[in-house]
Amino acid sequence: MKRSKIKSLFQDAPIQTRVVVKGWVRTKRESKTFSFLELNDGSTIRNLQIVADAGMPGYDEVIRKISTGACIAATGMLVASQGKGQSVELQAESLEVYGTADPETYPLQKKGHSLEFLREIAHLRVRTNTFGAVYRLRNAMAYGIHQFFQEKGFYYVHTPIITGSDTEGAGEMFSVTTLNLKNIPLQENGAIDFASDFFEKHTHLTVSGQLNGETAALALSDIYTFGPTFRAENSNTGRHLAEFWMIEPEMAFYDLNDNADLAEEFLKYLISYAFQTCQEDLEFLNKMYDNELISRLQFVLNNPFKRLTYTEAIDILTTCGKKFEFPVGWGTDLQSEHERYLVEQHFKCPVILTDYPRDIKAFYMRANEDGKTVRAMDVLFPGIGEIIGGSQREERLEALEKRIAEMQLPAEEYSWYLDTRRYGSAPHSGFGLGFERLLLFVTGMANIRDVIPFPRTPGNASF
RNA sequence: UCCUCCUUAGCUCAGUUGGUUAGAGCGGCUGACUGUUAAUCAGUAGGUCCCUGGUUCAAGCCCAGGAGGGGGAGCCA
(Lines give C-alpha, C1' and ligand atoms only; values in the text may rest on other atoms or scores of the structure.)
Protein backbone atom coordinates (compact mmCIF):
# COMPACT_ATOMS: atom_id res chain seq x y z
CA MET A 1 0.00 0.00 0.00
CA LYS A 2 1.21 3.49 -0.82
CA ARG A 3 2.21 5.67 2.07
CA SER A 4 -0.04 8.64 2.83
CA LYS A 5 1.30 11.98 4.00
CA ILE A 6 -0.28 13.07 7.25
CA LYS A 7 -1.20 16.48 5.85
CA SER A 8 -3.39 14.90 3.18
CA LEU A 9 -5.08 12.64 5.73
CA PHE A 10 -6.14 15.68 7.73
CA GLN A 11 -7.26 17.49 4.58
CA ASP A 12 -9.20 14.68 2.95
CA ALA A 13 -10.08 12.76 6.13
CA PRO A 14 -10.87 9.48 4.31
CA ILE A 15 -12.63 7.87 7.27
CA GLN A 16 -12.81 4.07 7.34
CA THR A 17 -9.99 3.79 4.83
CA ARG A 18 -6.97 1.61 5.39
CA VAL A 19 -3.79 3.68 5.14
CA VAL A 20 -0.04 3.53 5.78
CA VAL A 21 1.74 6.43 7.41
CA LYS A 22 5.47 6.78 8.01
CA GLY A 23 7.23 9.25 10.21
CA TRP A 24 8.87 10.05 13.52
CA VAL A 25 7.30 9.52 16.92
CA ARG A 26 6.98 12.67 18.99
CA THR A 27 5.59 11.05 22.11
CA LYS A 28 4.20 7.77 23.34
CA ARG A 29 1.54 7.54 26.04
CA GLU A 30 1.12 4.04 27.38
CA SER A 31 -1.61 2.62 29.49
CA LYS A 32 -2.43 -0.93 30.41
CA THR A 33 -4.31 -2.06 27.35
CA PHE A 34 -3.28 0.39 24.62
CA SER A 35 -0.87 3.14 23.68
CA PHE A 36 -1.18 6.47 21.96
CA LEU A 37 1.57 7.53 19.57
CA GLU A 38 1.96 11.02 18.12
CA LEU A 39 3.42 10.70 14.63
CA ASN A 40 4.91 13.55 12.61
CA ASP A 41 6.16 13.20 9.04
CA GLY A 42 7.03 16.83 8.33
CA SER A 43 4.16 17.37 5.90
CA THR A 44 2.38 19.46 8.52
CA ILE A 45 3.00 20.73 12.01
CA ARG A 46 0.13 18.54 13.20
CA ASN A 47 0.76 15.03 14.49
CA LEU A 48 -1.38 12.04 13.64
CA GLN A 49 -2.51 10.18 16.73
CA ILE A 50 -2.06 6.44 16.41
CA VAL A 51 -3.96 4.16 18.75
CA ALA A 52 -2.27 0.79 19.24
CA ASP A 53 -4.36 -1.76 21.08
CA ALA A 54 -2.50 -4.23 23.27
CA GLY A 55 -4.29 -7.02 21.43
CA MET A 56 -2.47 -6.14 18.22
CA PRO A 57 -0.16 -8.97 17.07
CA GLY A 58 3.38 -8.43 18.37
CA TYR A 59 2.26 -5.44 20.46
CA ASP A 60 4.59 -5.89 23.43
CA GLU A 61 7.70 -6.32 21.35
CA VAL A 62 7.10 -3.44 18.96
CA ILE A 63 5.78 -0.92 21.49
CA ARG A 64 8.86 -1.49 23.64
CA LYS A 65 11.09 -0.35 20.78
CA ILE A 66 9.13 2.84 20.16
CA SER A 67 10.08 5.99 22.03
CA THR A 68 10.33 9.69 21.27
CA GLY A 69 12.36 10.12 18.07
CA ALA A 70 11.85 6.61 16.68
CA CYS A 71 10.96 6.24 13.02
CA ILE A 72 8.05 3.92 12.28
CA ALA A 73 5.50 2.87 9.71
CA ALA A 74 1.94 2.37 10.88
CA THR A 75 -0.81 0.58 8.99
CA GLY A 76 -4.44 0.73 9.98
CA MET A 77 -7.85 2.26 9.60
CA LEU A 78 -8.31 6.00 9.68
CA VAL A 79 -11.22 6.56 12.05
CA ALA A 80 -13.02 9.45 13.67
CA SER A 81 -11.31 10.12 16.98
CA GLN A 82 -13.10 9.27 20.20
CA GLY A 83 -11.00 11.78 22.08
CA LYS A 84 -10.87 15.52 21.95
CA GLY A 85 -8.07 17.39 20.23
CA GLN A 86 -8.09 15.73 16.83
CA SER A 87 -10.73 14.91 14.26
CA VAL A 88 -9.23 11.68 13.00
CA GLU A 89 -6.78 9.10 14.27
CA LEU A 90 -5.24 5.87 13.08
CA GLN A 91 -6.38 2.61 14.62
CA ALA A 92 -3.21 0.59 14.17
CA GLU A 93 -3.26 -2.93 12.75
CA SER A 94 0.50 -3.21 12.57
CA LEU A 95 3.56 -1.15 13.44
CA GLU A 96 7.01 -1.44 11.92
CA VAL A 97 10.06 0.20 13.45
CA TYR A 98 12.58 1.56 10.95
CA GLY A 99 14.87 3.20 13.48
CA THR A 100 14.83 3.28 17.24
CA ALA A 101 15.97 6.30 19.28
CA ASP A 102 17.54 5.37 22.62
CA PRO A 103 15.63 7.49 25.13
CA GLU A 104 18.66 7.56 27.44
CA THR A 105 20.66 9.50 24.87
CA TYR A 106 18.20 11.03 22.37
CA PRO A 107 18.53 14.73 23.11
CA LEU A 108 15.03 15.85 22.17
CA GLN A 109 12.34 15.37 24.75
CA LYS A 110 8.67 16.00 24.32
CA LYS A 111 8.89 19.14 26.37
CA GLY A 112 10.22 22.33 24.92
CA HIS A 113 13.89 23.17 24.58
CA SER A 114 15.66 26.50 24.48
CA LEU A 115 16.65 27.77 21.06
CA GLU A 116 20.24 28.06 22.31
CA PHE A 117 20.34 24.36 23.16
CA LEU A 118 18.76 23.41 19.84
CA ARG A 119 21.45 25.38 17.98
CA GLU A 120 23.98 22.91 19.39
CA ILE A 121 22.08 20.05 17.76
CA ALA A 122 21.20 21.73 14.48
CA HIS A 123 21.15 18.32 12.75
CA LEU A 124 18.26 17.22 14.99
CA ARG A 125 16.42 20.46 15.68
CA VAL A 126 14.41 20.18 12.46
CA ARG A 127 12.53 17.41 14.28
CA THR A 128 10.94 19.97 16.57
CA ASN A 129 7.69 21.80 15.88
CA THR A 130 9.48 25.12 15.79
CA PHE A 131 12.09 24.21 13.23
CA GLY A 132 9.65 22.18 11.17
CA ALA A 133 7.59 25.37 10.90
CA VAL A 134 10.66 27.47 10.08
CA TYR A 135 11.89 25.04 7.42
CA ARG A 136 8.46 24.91 5.81
CA LEU A 137 8.22 28.70 5.80
CA ARG A 138 11.70 28.96 4.36
CA ASN A 139 10.69 26.64 1.56
CA ALA A 140 7.47 28.56 0.94
CA MET A 141 9.28 31.89 0.77
CA ALA A 142 11.86 30.52 -1.67
CA TYR A 143 9.12 29.18 -3.89
CA GLY A 144 7.08 32.38 -3.54
CA ILE A 145 10.07 34.47 -4.58
CA HIS A 146 10.48 32.52 -7.80
CA GLN A 147 6.74 32.59 -8.41
CA PHE A 148 6.52 36.37 -7.94
CA PHE A 149 9.28 37.10 -10.41
CA GLN A 150 8.31 34.42 -12.90
CA GLU A 151 4.74 35.76 -12.99
CA LYS A 152 6.18 39.17 -13.84
CA GLY A 153 8.37 37.87 -16.64
CA PHE A 154 11.67 38.21 -14.79
CA TYR A 155 14.44 35.78 -15.69
CA TYR A 156 16.34 33.86 -13.04
CA VAL A 157 20.05 34.47 -13.61
CA HIS A 158 22.89 32.54 -12.00
CA THR A 159 25.74 34.81 -11.03
CA PRO A 160 29.10 33.31 -10.07
CA ILE A 161 29.83 32.18 -6.54
CA ILE A 162 33.57 32.39 -7.07
CA THR A 163 34.42 35.89 -8.13
CA GLY A 164 37.58 37.06 -9.80
CA SER A 165 37.29 40.65 -8.75
CA ASP A 166 37.27 42.10 -5.27
CA THR A 167 35.40 45.13 -6.43
CA GLU A 168 31.89 44.60 -5.24
CA GLY A 169 32.69 46.64 -2.18
CA ALA A 170 30.07 45.07 0.04
CA GLY A 171 32.37 43.81 2.74
CA GLU A 172 35.25 41.55 3.72
CA MET A 173 35.60 38.52 1.49
CA PHE A 174 36.63 34.90 1.89
CA SER A 175 39.57 33.87 -0.27
CA VAL A 176 39.30 30.86 -2.54
CA THR A 177 42.58 29.13 -3.24
CA THR A 178 44.25 25.81 -3.96
CA LEU A 179 47.69 27.11 -2.98
CA ASN A 180 49.56 24.99 -0.48
CA LEU A 181 48.98 26.91 2.73
CA LYS A 182 52.09 25.38 4.27
CA ASN A 183 54.23 26.69 1.45
CA ILE A 184 52.69 29.75 -0.09
CA PRO A 185 54.51 30.97 -3.22
CA LEU A 186 55.69 34.54 -2.87
CA GLN A 187 56.70 37.21 -5.31
CA GLU A 188 60.01 39.02 -4.92
CA ASN A 189 58.31 41.83 -3.03
CA GLY A 190 56.87 39.33 -0.53
CA ALA A 191 53.31 39.45 -1.85
CA ILE A 192 51.52 36.16 -2.46
CA ASP A 193 52.06 34.91 -6.01
CA PHE A 194 48.51 34.16 -7.09
CA ALA A 195 49.68 33.59 -10.67
CA SER A 196 50.36 30.00 -9.62
CA ASP A 197 46.92 29.62 -8.02
CA PHE A 198 44.07 27.69 -9.65
CA PHE A 199 42.53 30.71 -11.38
CA GLU A 200 45.92 32.40 -11.82
CA LYS A 201 44.64 35.30 -9.76
CA HIS A 202 43.30 36.02 -6.30
CA THR A 203 39.68 34.84 -6.10
CA HIS A 204 36.95 35.15 -3.50
CA LEU A 205 33.49 33.96 -2.58
CA THR A 206 30.94 36.43 -3.86
CA VAL A 207 29.52 39.13 -1.63
CA SER A 208 26.89 40.17 -4.17
CA GLY A 209 25.71 39.20 -7.62
CA GLN A 210 24.62 42.71 -8.45
CA LEU A 211 27.28 43.80 -10.91
CA ASN A 212 26.90 40.56 -12.85
CA GLY A 213 23.13 40.86 -12.59
CA GLU A 214 23.25 44.32 -14.16
CA THR A 215 24.89 42.87 -17.25
CA ALA A 216 21.93 40.53 -17.69
CA ALA A 217 19.30 43.22 -17.06
CA LEU A 218 20.87 45.27 -19.84
CA ALA A 219 19.88 42.55 -22.30
CA LEU A 220 16.97 40.64 -20.79
CA SER A 221 15.26 43.70 -19.22
CA ASP A 222 14.11 42.13 -15.95
CA ILE A 223 16.16 39.57 -14.07
CA TYR A 224 16.72 38.32 -10.54
CA THR A 225 19.35 36.33 -8.76
CA PHE A 226 18.74 34.11 -5.76
CA GLY A 227 21.82 32.46 -4.35
CA PRO A 228 24.29 32.21 -1.52
CA THR A 229 26.54 35.11 -0.61
CA PHE A 230 29.43 35.29 1.80
CA ARG A 231 30.77 37.95 4.10
CA ALA A 232 33.92 37.48 6.16
CA GLU A 233 32.94 40.30 8.51
CA ASN A 234 33.46 39.62 12.18
CA SER A 235 29.83 40.38 12.86
CA ASN A 236 28.42 38.83 16.00
CA THR A 237 24.77 39.73 16.07
CA GLY A 238 21.43 38.04 15.72
CA ARG A 239 21.05 39.60 12.27
CA HIS A 240 24.27 38.57 10.48
CA LEU A 241 25.59 35.40 8.93
CA ALA A 242 28.87 34.67 7.16
CA GLU A 243 26.90 32.62 4.60
CA PHE A 244 23.43 33.79 3.66
CA TRP A 245 21.09 33.86 0.71
CA MET A 246 20.23 36.96 -1.19
CA ILE A 247 17.66 37.89 -3.81
CA GLU A 248 18.77 40.62 -6.19
CA PRO A 249 16.36 41.78 -8.90
CA GLU A 250 17.69 44.16 -11.52
CA MET A 251 15.38 45.97 -13.94
CA ALA A 252 16.13 47.96 -17.07
CA PHE A 253 14.12 51.18 -17.51
CA TYR A 254 13.09 51.31 -13.83
CA ASP A 255 13.70 54.53 -11.95
CA LEU A 256 13.92 54.71 -8.17
CA ASN A 257 10.15 55.03 -7.75
CA ASP A 258 9.55 51.96 -9.90
CA ASN A 259 12.17 50.20 -7.81
CA ALA A 260 10.42 51.10 -4.55
CA ASP A 261 7.05 50.07 -6.00
CA LEU A 262 8.45 46.68 -6.89
CA ALA A 263 10.07 46.19 -3.49
CA GLU A 264 6.83 46.96 -1.67
CA GLU A 265 4.73 44.78 -3.93
CA PHE A 266 7.29 41.97 -3.59
CA LEU A 267 7.33 41.99 0.21
CA LYS A 268 3.55 42.10 0.41
CA TYR A 269 3.26 39.26 -2.06
CA LEU A 270 5.55 37.10 0.05
CA ILE A 271 3.68 37.80 3.27
CA SER A 272 0.43 36.99 1.55
CA TYR A 273 1.98 33.79 0.19
CA ALA A 274 3.07 32.79 3.70
CA PHE A 275 -0.52 33.10 4.91
CA GLN A 276 -1.75 31.04 1.96
CA THR A 277 0.72 28.21 2.38
CA CYS A 278 1.78 28.11 6.04
CA GLN A 279 -1.18 29.30 8.10
CA GLU A 280 -0.81 26.61 10.76
CA ASP A 281 2.93 27.14 11.08
CA LEU A 282 2.39 30.88 11.49
CA GLU A 283 -0.26 30.25 14.14
CA PHE A 284 2.16 28.00 16.01
CA LEU A 285 4.98 30.55 15.90
CA ASN A 286 2.55 33.30 16.89
CA LYS A 287 1.46 31.29 19.91
CA MET A 288 4.88 30.10 21.04
CA TYR A 289 7.29 32.93 20.28
CA ASP A 290 5.72 36.17 19.19
CA ASN A 291 2.08 36.90 19.99
CA GLU A 292 2.08 39.86 17.62
CA LEU A 293 3.52 38.03 14.63
CA ILE A 294 0.30 37.54 12.71
CA SER A 295 -1.10 40.98 13.45
CA ARG A 296 2.21 42.55 12.42
CA LEU A 297 2.27 40.61 9.15
CA GLN A 298 -1.30 41.63 8.45
CA PHE A 299 -0.53 45.24 9.22
CA VAL A 300 2.39 45.29 6.79
CA LEU A 301 0.25 43.56 4.19
CA ASN A 302 -2.60 46.06 4.47
CA ASN A 303 -0.84 49.39 4.80
CA PRO A 304 1.26 51.43 2.38
CA PHE A 305 4.92 51.81 3.25
CA LYS A 306 5.84 55.35 4.24
CA ARG A 307 8.22 56.87 1.72
CA LEU A 308 10.43 59.84 2.46
CA THR A 309 13.87 61.14 1.67
CA TYR A 310 16.90 60.84 3.88
CA THR A 311 16.86 64.61 4.28
CA GLU A 312 13.25 64.56 5.49
CA ALA A 313 14.13 61.77 7.91
CA ILE A 314 17.01 63.80 9.33
CA ASP A 315 14.59 66.72 9.90
CA ILE A 316 12.23 64.45 11.81
CA LEU A 317 15.03 63.02 13.91
CA THR A 318 16.56 66.39 14.77
CA THR A 319 13.26 68.01 15.72
CA CYS A 320 11.56 65.10 17.50
CA GLY A 321 13.12 65.99 20.83
CA LYS A 322 14.28 62.47 21.51
CA LYS A 323 17.78 61.95 22.83
CA PHE A 324 19.83 59.49 20.80
CA GLU A 325 23.07 57.82 21.79
CA PHE A 326 24.55 58.73 18.41
CA PRO A 327 24.06 62.29 17.16
CA VAL A 328 21.88 62.90 14.12
CA GLY A 329 23.19 65.10 11.36
CA TRP A 330 22.91 65.43 7.62
CA GLY A 331 25.69 63.49 5.98
CA THR A 332 26.08 60.72 8.52
CA ASP A 333 24.51 57.31 8.13
CA LEU A 334 21.49 56.50 10.23
CA GLN A 335 22.17 54.27 13.23
CA SER A 336 19.96 51.39 14.29
CA GLU A 337 18.34 53.52 16.98
CA HIS A 338 17.43 56.19 14.41
CA GLU A 339 15.90 53.69 12.02
CA ARG A 340 13.99 52.05 14.85
CA TYR A 341 12.64 55.39 16.00
CA LEU A 342 11.32 56.20 12.53
CA VAL A 343 9.76 52.79 11.97
CA GLU A 344 8.56 51.81 15.41
CA GLN A 345 7.72 55.12 17.06
CA HIS A 346 7.27 57.90 14.52
CA PHE A 347 5.55 56.23 11.56
CA LYS A 348 4.71 52.87 13.12
CA CYS A 349 4.90 51.20 9.72
CA PRO A 350 7.53 50.07 7.20
CA VAL A 351 9.52 52.97 5.81
CA ILE A 352 11.33 53.44 2.51
CA LEU A 353 14.08 56.01 2.83
CA THR A 354 15.49 57.44 -0.40
CA ASP A 355 18.08 59.87 -1.70
CA TYR A 356 20.94 59.37 0.73
CA PRO A 357 24.10 61.49 0.77
CA ARG A 358 26.35 60.17 -1.93
CA ASP A 359 29.39 60.03 0.35
CA ILE A 360 27.92 57.23 2.46
CA LYS A 361 26.73 55.12 -0.46
CA ALA A 362 28.29 52.91 -3.12
CA PHE A 363 29.93 54.15 -6.30
CA TYR A 364 27.33 52.70 -8.68
CA MET A 365 24.36 54.71 -7.42
CA ARG A 366 22.78 57.30 -9.72
CA ALA A 367 23.75 60.86 -8.78
CA ASN A 368 20.94 63.33 -8.23
CA GLU A 369 20.97 66.78 -9.78
CA ASP A 370 21.65 68.42 -6.42
CA GLY A 371 25.19 67.02 -6.52
CA LYS A 372 24.90 65.85 -2.94
CA THR A 373 22.61 62.84 -2.94
CA VAL A 374 22.17 59.60 -4.86
CA ARG A 375 19.09 57.61 -5.79
CA ALA A 376 19.43 55.01 -3.06
CA MET A 377 16.66 53.40 -1.09
CA ASP A 378 16.53 51.36 2.09
CA VAL A 379 13.39 49.54 3.17
CA LEU A 380 13.20 49.54 6.97
CA PHE A 381 11.04 47.03 8.82
CA PRO A 382 9.97 46.95 12.45
CA GLY A 383 12.20 44.79 14.61
CA ILE A 384 14.84 43.99 12.04
CA GLY A 385 15.82 47.32 10.51
CA GLU A 386 17.10 47.30 6.96
CA ILE A 387 15.54 44.43 5.05
CA ILE A 388 16.18 45.75 1.53
CA GLY A 389 18.87 48.03 0.13
CA GLY A 390 18.75 49.20 -3.44
CA SER A 391 19.23 52.03 -5.87
CA GLN A 392 18.81 53.38 -9.31
CA ARG A 393 22.17 52.70 -10.95
CA GLU A 394 24.44 55.30 -12.53
CA GLU A 395 23.95 54.61 -16.23
CA ARG A 396 26.11 57.46 -17.59
CA LEU A 397 29.60 56.29 -18.48
CA GLU A 398 31.36 59.56 -17.70
CA ALA A 399 29.64 60.03 -14.37
CA LEU A 400 30.44 56.46 -13.34
CA GLU A 401 34.10 56.73 -14.37
CA LYS A 402 34.38 59.99 -12.47
CA ARG A 403 32.92 58.43 -9.35
CA ILE A 404 35.26 55.43 -9.55
CA ALA A 405 38.20 57.82 -9.81
CA GLU A 406 36.97 59.97 -6.91
CA MET A 407 36.62 56.96 -4.68
CA GLN A 408 40.06 55.72 -5.76
CA LEU A 409 38.73 52.36 -6.90
CA PRO A 410 40.87 50.30 -9.33
CA ALA A 411 39.33 51.36 -12.65
CA GLU A 412 40.89 48.49 -14.61
CA GLU A 413 38.94 45.97 -12.52
CA TYR A 414 35.68 47.56 -13.70
CA SER A 415 36.32 47.54 -17.41
CA TRP A 416 33.80 44.79 -18.11
CA TYR A 417 31.22 46.55 -15.93
CA LEU A 418 31.86 49.87 -17.65
CA ASP A 419 31.28 48.20 -21.02
CA THR A 420 27.61 47.95 -20.06
CA ARG A 421 27.57 51.76 -19.96
CA ARG A 422 29.82 52.12 -22.96
CA TYR A 423 27.55 50.09 -25.22
CA GLY A 424 23.80 50.53 -25.18
CA SER A 425 23.53 51.80 -21.64
CA ALA A 426 20.07 52.22 -20.15
CA PRO A 427 18.59 53.62 -16.98
CA HIS A 428 18.06 50.74 -14.58
CA SER A 429 17.51 49.91 -10.93
CA GLY A 430 17.66 47.02 -8.54
CA PHE A 431 17.75 45.96 -4.93
CA GLY A 432 18.96 43.23 -2.62
CA LEU A 433 16.83 41.35 -0.13
CA GLY A 434 18.53 39.26 2.54
CA PHE A 435 16.57 36.02 2.52
CA GLU A 436 17.18 35.27 6.17
CA ARG A 437 16.22 38.82 7.16
CA LEU A 438 12.93 38.24 5.39
CA LEU A 439 12.52 34.99 7.28
CA LEU A 440 13.18 36.71 10.59
CA PHE A 441 10.27 38.96 9.85
CA VAL A 442 7.94 36.26 8.53
CA THR A 443 8.64 33.68 11.25
CA GLY A 444 8.98 36.04 14.20
CA MET A 445 12.23 34.33 15.15
CA ALA A 446 14.56 36.71 16.95
CA ASN A 447 17.94 35.27 15.92
CA ILE A 448 19.03 34.79 12.31
CA ARG A 449 20.81 31.55 13.30
CA ASP A 450 17.35 30.04 13.75
CA VAL A 451 16.04 30.67 10.24
CA ILE A 452 18.81 28.89 8.28
CA PRO A 453 19.34 25.15 8.72
CA PHE A 454 23.07 25.26 9.40
CA PRO A 455 24.25 28.76 10.29
CA ARG A 456 27.80 29.88 9.56
CA THR A 457 29.02 32.59 11.90
CA PRO A 458 32.45 33.70 13.14
CA GLY A 459 34.04 30.72 14.88
CA ASN A 460 31.26 28.33 13.94
CA ALA A 461 30.99 26.10 10.87
CA SER A 462 29.81 22.90 12.53
CA PHE A 463 27.60 20.36 10.81
C1' U B 1 35.87 44.03 17.19
C1' C B 2 33.58 46.74 21.58
C1' C B 3 30.05 46.81 25.92
C1' U B 4 27.30 43.66 29.06
C1' C B 5 25.29 39.26 31.21
C1' C B 6 25.68 34.04 31.66
C1' U B 7 28.06 28.76 32.18
C1' U B 8 25.69 23.77 38.44
C1' A B 9 22.11 16.54 36.56
C1' G B 10 20.01 14.83 29.67
C1' C B 11 17.01 19.92 29.62
C1' U B 12 15.43 24.54 32.37
C1' C B 13 17.16 26.49 36.69
C1' A B 14 17.75 27.33 42.52
C1' G B 15 22.05 27.19 45.63
C1' U B 16 21.98 32.21 51.81
C1' U B 17 27.94 35.42 54.81
C1' G B 18 33.10 30.91 51.76
C1' G B 19 31.60 25.78 56.08
C1' U B 20 30.14 18.91 56.74
C1' U B 21 26.75 14.43 52.28
C1' A B 22 25.15 20.25 46.01
C1' G B 23 18.86 20.65 45.35
C1' A B 24 14.05 21.30 42.43
C1' G B 25 10.92 20.81 38.14
C1' C B 26 10.88 18.45 33.62
C1' G B 27 12.99 14.37 30.86
C1' G B 28 14.84 8.95 31.55
C1' C B 29 14.02 4.25 34.03
C1' U B 30 10.54 0.82 37.10
C1' G B 31 5.53 0.07 38.38
C1' A B 32 0.05 1.47 38.52
C1' C B 33 -3.96 3.10 35.39
C1' U B 34 -9.74 1.40 29.82
C1' G B 35 -9.40 7.48 25.68
C1' U B 36 -4.79 10.00 26.62
C1' U B 37 -3.04 14.37 24.05
C1' A B 38 3.12 18.91 27.69
C1' A B 39 -1.68 12.44 30.47
C1' U B 40 -1.93 11.35 35.74
C1' C B 41 -0.09 8.79 40.30
C1' A B 42 3.96 6.19 43.12
C1' G B 43 9.01 4.92 43.27
C1' U B 44 14.08 5.35 41.38
C1' A B 45 18.82 6.35 39.10
C1' G B 46 21.49 10.41 37.48
C1' G B 47 26.96 15.61 39.05
C1' U B 48 34.58 16.84 35.86
C1' C B 49 29.47 22.78 39.75
C1' C B 50 32.92 25.15 31.76
C1' C B 51 38.70 24.86 31.92
C1' U B 52 43.50 26.34 34.16
C1' G B 53 45.87 28.68 38.02
C1' G B 54 45.52 31.38 42.67
C1' U B 55 43.68 33.10 47.78
C1' U B 56 41.97 30.25 52.16
C1' C B 57 42.01 25.65 57.60
C1' A B 58 37.95 25.27 53.93
C1' A B 59 35.81 27.43 47.11
C1' G B 60 29.85 25.86 43.21
C1' C B 61 30.48 30.76 45.81
C1' C B 62 36.32 35.14 46.17
C1' C B 63 40.60 36.65 42.51
C1' A B 64 43.30 36.18 37.57
C1' G B 65 43.58 34.14 32.74
C1' G B 66 41.16 31.18 29.01
C1' A B 67 36.95 28.78 26.39
C1' G B 68 31.82 28.64 25.04
C1' G B 69 27.01 30.99 24.84
C1' G B 70 23.06 35.09 25.22
C1' G B 71 21.71 40.32 24.63
C1' G B 72 23.22 45.14 22.75
C1' A B 73 26.55 48.12 19.39
C1' G B 74 29.56 48.69 14.98
C1' C B 75 29.85 46.70 9.83
C1' C B 76 25.77 45.31 6.67
C1' A B 77 21.58 42.09 3.91
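Not measured: the values here are computed from a predicted model. Within every chain, numbering begins at 1; the chains are lettered A, B, ... in the order of the sequence lines, protein sequences first and strands thereafter.
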Original post:
More 5' along RNA chain B: Glu386(A) or Ala446(A), using each one's nearest nucleotide?
Top reply: Ala446(A)
**OP:** Could you tell me whether the phosphate oxygens of U36(B), OP1 or OP2, come under 4.0 Å of any side-chain nitrogen or oxygen in Ser31(A)?
**Re:** no
Original post:
Quick one: which of G27(B), G74(B), G70(B) gets closest to the side chain of Gln109(A)?
Top reply: G27(B)
**OP:** Between G69(B), G28(B), U36(B), spot the one nearest the side chain of Glu104(A), thanks.
**Re:** G28(B)
**OP:** Please tell me which of the listed nucleotides, U1(B), C29(B), U36(B), lies nearest to the side chain of Pro103(A)?
**Re:** C29(B)
**OP:** Please determine, for G65(B), whether a Watson-Crick or G-U wobble partner exists with both distances under 3.5 Å, and give it or none.
**Re:** C51(B)
Original post:
Is the distance between the ring centroids of Phe244(A) and Phe230(A) less than 6.0 Å?
Top reply: no
Original post:
From G35(B), U1(B), G71(B), pick the nucleotide closest to the side chain of Arg449(A)?
Top reply: G71(B)
Subject >> Gln335(A), nearest nucleotide to its side chain (from C76(B), G74(B), G70(B)) >> reply: G74(B)
Original post:
What's the closest nucleotide to the Arg231(A) side chain, out of C76(B), U12(B), A73(B)?
Top reply: C76(B)
**OP:** Decide if the gap between the ring center of His146(A) and the ring center of Phe226(A) is smaller than 6.0 angstrom.
**Re:** yes
Original post:
Out of C11(B), C75(B), G28(B), which has the shortest distance to the side chain of Thr237(A)?
Top reply: C75(B)
Subject >> Glu120(A) (side chain) and G68(B) (base): donor-acceptor pair under 3.5 Å >> reply: no
**OP:** Check Arg125(A), Met288(A), Met445(A) against Thr130(A) for a side chain to side chain contact (heavy atoms under 4.5 Å, CB included) and give me the one that passes.
**Re:** Met445(A)
Subject >> Side-chain donor/acceptor of Glu30(A) to base of U36(B), under 3.5 Å >> reply: no
Subject >> Side-chain N or O of Arg26(A) closer than 4.0 Å to phosphate OP1/OP2 of A38(B) >> reply: no
**OP:** Answer with yes or no whether Ser235(A) presents, from its side chain, a donor or acceptor under 3.5 Å of a partner atom in the base of C76(B).
**Re:** no
**OP:** Kindly say if Ser336(A) contacts the phosphate of G74(B), meaning a side-chain N or O under 4.0 Å from OP1 or OP2.
**Re:** yes
Subject >> Donor-acceptor pair present, His240(A) side chain and C76(B) base, under 3.5 Å >> reply: yes
**OP:** Establish, with yes or no, whether the OP1 or OP2 oxygen of G71(B) is under 4.0 angstrom from a side-chain nitrogen or oxygen of Asn447(A).
**Re:** yes
Original post:
Which nucleotide, U12(B), G35(B), A73(B), lies nearest any side-chain atom of Glu89(A)?
Top reply: G35(B)
Original post:
When the ring centroid of Tyr414(A) is compared with that of Phe363(A), is the distance short of 6.0 Å?
Top reply: yes
**OP:** Return the nucleotide paired to A42(B): Watson-Crick means purine N1 to pyrimidine N3 with N6-O4 or O6-N4, wobble means G-U with N1-O2 and O6-N3, both under 3.5 Å.
**Re:** U30(B)
Original post:
Hey, does the side-chain of Glu116(A) have a donor or acceptor N/O within less than 3.5 Å of a partner on the base of U7(B)?
Top reply: no
Original post:
Within less than 4.0 Å of OP1 or OP2 of U40(B), is there a side-chain N or O belonging to Arg29(A)?
Top reply: no
